[in-house]
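Read the structure below first, then the notes.
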2 protein chains.
Amino acid sequence: MSARTAGGDKQSFIEQARRAQIVASATKVIAETRYAGASLALIAEDAGISKGVISYHFTSKSELMEEVVRRILAEVVEFVVESVKDRESATEVLRGQILAVAEHMRERPAAIMALHEIAANMRAPDGSLRSGIEASEEILRLLEGIYEMGQRTGEFRAFDCRVMAVTHNAAVNDMFAYWATHPGHDLDAHAAELADVFVRATREEPSA
Amino acid sequence: MSARTAGGDKQSFIEQARRAQIVASATKVIAETRYAGASLALIAEDAGISKGVISYHFTSKSELMEEVVRRILAEVVEFVVESVKDRESATEVLRGQILAVAEHMRERPAAIMALHEIAANMRAPDGSLRSGIEASEEILRLLEGIYEMGQRTGEFRAFDCRVMAVTHNAAVNDMFAYWATHPGHDLDAHAAELADVFVRATREEPSA
DNA sequence: CTAAATTTTGGCCGCTCGGTCAGAATCTAG
DNA sequence: CTAGATTCTGACCGAGCGGCCAAAATTTAG
């Protein structure tokens, strides 16, 4: 029963591989059938295994979903940080973040779709709060940090960094949702426009 | 079986009243238990009627949900249009729209919550698209119109009005989501900040 | 009042879901 | 090879869902 024990254990390669395989199938199935349609049966079928295997490697569906979120979130953050780390001004980091996210959306749309689905639909165990919101708190804090940096260097005007981060995050997320549901929509142009909007929003402006 | 016939009919007062009552209970239950938790049984219980009555007055759960969306959307649009109709510049309409929506969120949070839940979770009959997105197309067009007006009068700089409308809509929606999940968050300050951001985004700015 | 039409009830159906389990299969160590 | 640990299978369970319907209750029309 070693596979069922809690997270801290050292796990065999095959154990790790199975979990990764299941997470990959879950990601794919969620992206294709939405959160509500992603049953354990479908995920198992996609992975070419029996349904019981999922229950063997994950204590519950929630745990599987949390793992999916964890992996995709780490992937996105790594991609964006890598793409932005050399930029020097806050303005350039801002632009870079938006363009990097758009690029990543084009490369791994299923992962982003799955992330959105889970974030929108999953609840904490007690049912009181969306755990998806908790998950995106990390991203919110990173964005907030960018805006705070810009204010510290005097590049940006005064504003509420939290509100700016929430707005920025919403805009980027909805860019994906719009792109995903409107075939032919120009993601690059959208991202460029977004970058423009948020850079302008950070500038001081004379007329009230 | 008159109640089951399609929409065009003249319907009795009691029929209309029952439908309105069911829609009201559905709105409340969705806001309290989220879309996935809002079963016909719970809605009927809240309305103090038998489950079968819902099936009698609505051909399906989807039809009920569509009616809920229709009513809330109409309510929001009416409130905002009423609150904005006397403003003369596009900039003032923009500000007014954001502040009006925030005010409406404070007055009828359950309705807005239900709208968000359904928009995020409902699908078109063929399962291909979110009907919630279709529903919000109306709002998107209204917003697009504001930005186009500002460009026509030379008040606003050149930008993609569609992208601006999508971004604006996302920001306002997420303002609600953040407020709903973060007790103590200052909705008025958030709305004011948002208005500032989008007004600034419409302005020409010298430094590239 | 009587009869027809409308509305409501409450139990029932078939379905899908997440989760469980005994036993089979596979892998590993001695 | 053998024995024990690990992993997998596929059937099964109880719960909750949307929808259905015969019969009861209520309202309306004559």
Side-chain angles (χ1 to χ4, degrees), chain A residues 1-6 9-23 25-26 29-30 32-68 117-118 121-125 127 131, chain B residues 1-6 9-23 25-26 29-30 32-68 117-118 121-123 125 127:
Chain A
M1 62 149 79
S2 73
R4 288 175 169 276
T5 54
D9 301 357
K10 59 190 173 200
Q11 290 164 335
S12 64
F13 282 127
I14 160 167
E15 162 76 8
Q16 294 279 21
R18 258 283 183 270
R19 283 179 70 102
Q21 176 197 16
I22 293 169
V23 166
S25 285
V29 171
I30 292 166
E32 286 169 356
T33 69
R34 311 208 47 188
Y35 184 82
S39 65
L40 293 184
L42 270 181
I43 295 170
E45 185 189 343
D46 182 272
I49 58 179
S50 169
K51 201 178 57 159
V53 184
I54 299 179
S55 296
Y56 180 74
H57 292 279
F58 296 89
T59 61
S60 69
K61 192 182 183 183
S62 303
E63 196 212 323
L64 169 57
M65 294 300 147
E66 280 168 21
E67 177 100 5
V68 171
E117 281 296 321
I118 299 176
N121 288 290
M122 234 182 55
R123 282 173 158 284
S131 78
Chain B
M1 60 149 79
S2 74
R4 286 175 170 275
T5 54
D9 302 0
K10 60 191 170 197
Q11 289 163 336
S12 65
F13 280 126
I14 160 168
E15 161 77 9
Q16 294 279 19
R18 258 282 182 269
R19 282 180 70 102
Q21 177 197 16
I22 293 170
V23 166
S25 284
V29 172
I30 293 167
E32 285 168 357
T33 68
R34 310 207 50 189
Y35 184 81
S39 65
L40 293 184
L42 271 181
I43 295 170
E45 186 190 343
D46 182 272
I49 57 180
S50 170
K51 202 178 53 158
V53 183
I54 300 180
S55 295
Y56 179 75
H57 290 280
F58 296 89
T59 61
S60 69
K61 192 182 183 182
S62 303
E63 197 212 320
L64 169 57
M65 293 301 146
E66 281 168 21
E67 176 100 5
V68 172
E117 281 296 320
I118 300 177
N121 287 291
M122 236 183 54
R123 280 174 158 284

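Below, chains carry the letters A, B, ... as their sequence lines are ordered, and counting in each starts from 1.
- Nucleic acid contact class of Ser50(B) (heavy atoms, under 4.0 Å, all strands): base.
- For Ser60(A), the listed nucleotide lying nearest its side chain is dG19(C); candidates were dG19(C), dT7(D), dG18(D).
- Across the protein-nucleic acid pair, Arg18(B) atom CZ and dT27(D) atom C1' stand 13 Å apart, rounded to whole Å.
- A sub-4.0 Å separation between OP1 or OP2 of dG19(D) and a side-chain N or O of Ser55(B) is absent.
- Taking every side-chain heavy atom of Ser39(B) into account, dC17(D) is the closest of dG19(D), dG19(C), dC17(D).
- Within the 3.5 Å criterion, the main-chain N or O of Tyr35(A) finds a donor-acceptor partner in the side chain of Glu117(A).
- Considering only residues two or more places apart in sequence or on other chains, Ser50(A) meets the side-chain contact (heavy atoms from CB on, under 4.5 Å) condition with Val53(A).
- Glu67(A) contributes no side-chain N or O that, together with a main-chain N or O of Val23(A), makes up a donor-acceptor pair within less than 3.5 Å.
- Comparing Ala38(A) and Val53(B) by the nucleotide of DNA chain C whose heavy atom lies nearest to each, the residue mapping closer to the 5' end is Val53(B).
- Proximity of Tyr56(B) to the phosphate of dT8(C): no side-chain N or O atom is located under 4.0 Å from OP1 or OP2.
- The Leu40(B) side chain lies nearest to dG19(D) when the options are dT9(C), dG19(D), dT7(D).
- Glu45(B) meets the side-chain hydrogen bond (donor to acceptor under 3.5 Å, both in side chains) test with no other residue; sequence neighbours excluded.
- Atom C1' of nucleotide dC21(D) and atom CD1 of Ile54(B) are separated by 17 Å, given to the nearest angstrom.
- With hydrogens and angles ignored, a donor-acceptor pair closer than 3.5 Å exists between the side chain of Lys51(B) and the base of dG19(D).
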